[in-house]
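Note that the coordinates shown come from a computational prediction; the quantities given were computed from them, not determined experimentally.
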Amino acid sequence: MTKHPKTLLVIVAEAVLEKNLVRDARQRGVQGWTVGEVHGASLEGVRDGDWEADRTIEVKLICDAAVADAFAEHVLATYAPHYSVAMHFSEVQVLRPERF
């Protein structure tokens with residue numbers, strides 16, 4: 001089985017950013033993503049998602065490291081100063097690299 005290295009970028013952000021994050025990811029070469037609604041706590045407090053403005057999403061993107069880095073820099077510059085945003089990277093291996 002041939003495995004191919006890629007980077008997983010996970011973004012946890014306010015749900016209001018979903019459409020912008022997906023649009024921006026596509027514009028920067030990300031071919032696929034997964035979005036799910038999550039809830040939890042951070043330094044800013046607890047986000048239960050009990051009302052629309054309190055919803056939180058997790059966006060998972062698998063792509064080349066350079067694409068992940070560039071997109072993370074964009075998110076930091078564009079959204080992090082104004083919204084609750086957390087990001088982390090992991091190195092992953094995929095079986096069908098053309099999908100990423």
Side-chain angles (χ1 to χ4, degrees):
M1 184 174 341
T2 303
K3 300 174 188 173
H4 305 270
K6 295 289 180 179
T7 298
L8 168 65
L9 170 59
V10 178
I11 303 169
V12 179
E14 296 177 42
V16 69
L17 294 177
E18 181 177 350
K19 288 182 182 178
N20 290 349
L21 291 172
V22 168
R23 179 200 64 220
D24 294 354
R26 292 183 80 177
Q27 290 174 348
R28 285 162 178 78
V30 177
Q31 295 186 97
W33 55 88
T34 302
V35 177
E37 192 167 328
V38 297
H39 57 272
S42 68
L43 292 175
E44 289 120 357
V46 176
R47 294 183 60 88
D48 296 330
D50 290 340
W51 53 292
E52 187 64 26
D54 194 40
R55 291 180 42 245
T56 303
I57 57 168
E58 180 179 70
V59 182
K60 296 179 181 180
L61 310 104
I62 297 176
C63 50
D64 292 330
V67 173
D69 287 349
F71 187 59
E73 287 179 9
H74 166 74
V75 171
L76 281 175
T78 306
Y79 301 111
H82 311 289
Y83 298 92
S84 178
V85 175
M87 292 185 279
H88 64 272
F89 298 89
S90 298
E91 297 307 313
V92 297
Q93 296 180 348
V94 300
L95 298 177
R96 296 166 46 189
E98 68 279 1
R99 298 183 56 88
F100 305 98

* **Gly36 backbone acceptor or donor facing Glu58 side chain under 3.5 Å** => no
* **Nearest-0.5 Å distance that lies between atom CD in Gln27 and atom CZ in Phe71** => 9.5 Å
* At their closest point, which heavy atom of Glu14 faces which heavy atom of Ser84, and how far apart are they? -> OE2-N, 2.7 Å
* Asked: How close do His74 and Tyr79 get, heavy atom to heavy atom, and via which atoms?
  -> NE2-CE1, 4.0 Å
* Between atom OH of Tyr83 and atom OG1 of Thr56, what is the distance when rounded to the nearest 0.5 Å? -> 13.5 Å
* To do: Answer yes or no: is there a side-chain heavy-atom contact under 4.5 Å between Val75 and Asp24?
  => no
* Asked: With respect to Leu21, which candidate in Leu61, Val59, Val30 satisfies the side-chain contact (heavy atoms from CB on, under 4.5 Å) definition?
  -> Val59
* CD of Gln93 to CD1 of Ile62: how many Å apart, nearest 0.5 Å? -> 11.5 Å
* Residues two or more places apart in sequence or in another chain: which of them pass salt bridge (charged side-chain N to carboxylate O under 4.0 Å, His left out) with Asp69? -> none
* To do: State, to 0.1 Å, how close Thr7 and Ala68 come at their nearest heavy-atom pair, and which atoms those are.
  => CG2-CB, 3.8 Å
* How many angstroms lie between NE2 in His4 and CD in Glu98, if you round to the nearest 0.5 Å? -> 7.5 Å
* Identify the two heavy atoms, one from Ala72 and one from Phe89, that lie closest to each other, and give their separation to 0.1 Å. => CB-CZ, 3.6 Å
* Asked: What distance separates Lys60 NZ from Leu9 CG, expressed to the nearest 0.5 Å?
  -> 12.0 Å
* Taking every non-hydrogen atom, the tightest pair across Val67 and Gly29 -> CG1-C, 4.3 Å
* Do any N or O atoms from the side chain of Arg23 and from the backbone of Lys19 form a donor-acceptor pair under 3.5 angstrom? -> no
* Asked: What are the two closest heavy atoms between Leu17 and Ala13, and how far apart are they?
  -> CD1-CB, 4.0 Å
* What distance separates Arg99 CZ from Lys6 NZ, expressed to the nearest 0.5 Å? -> 12.5 Å
* Asked: With a 4.5 Å heavy-atom cut-off, do Val10 and Met87 have their side chains touching?
  -> no
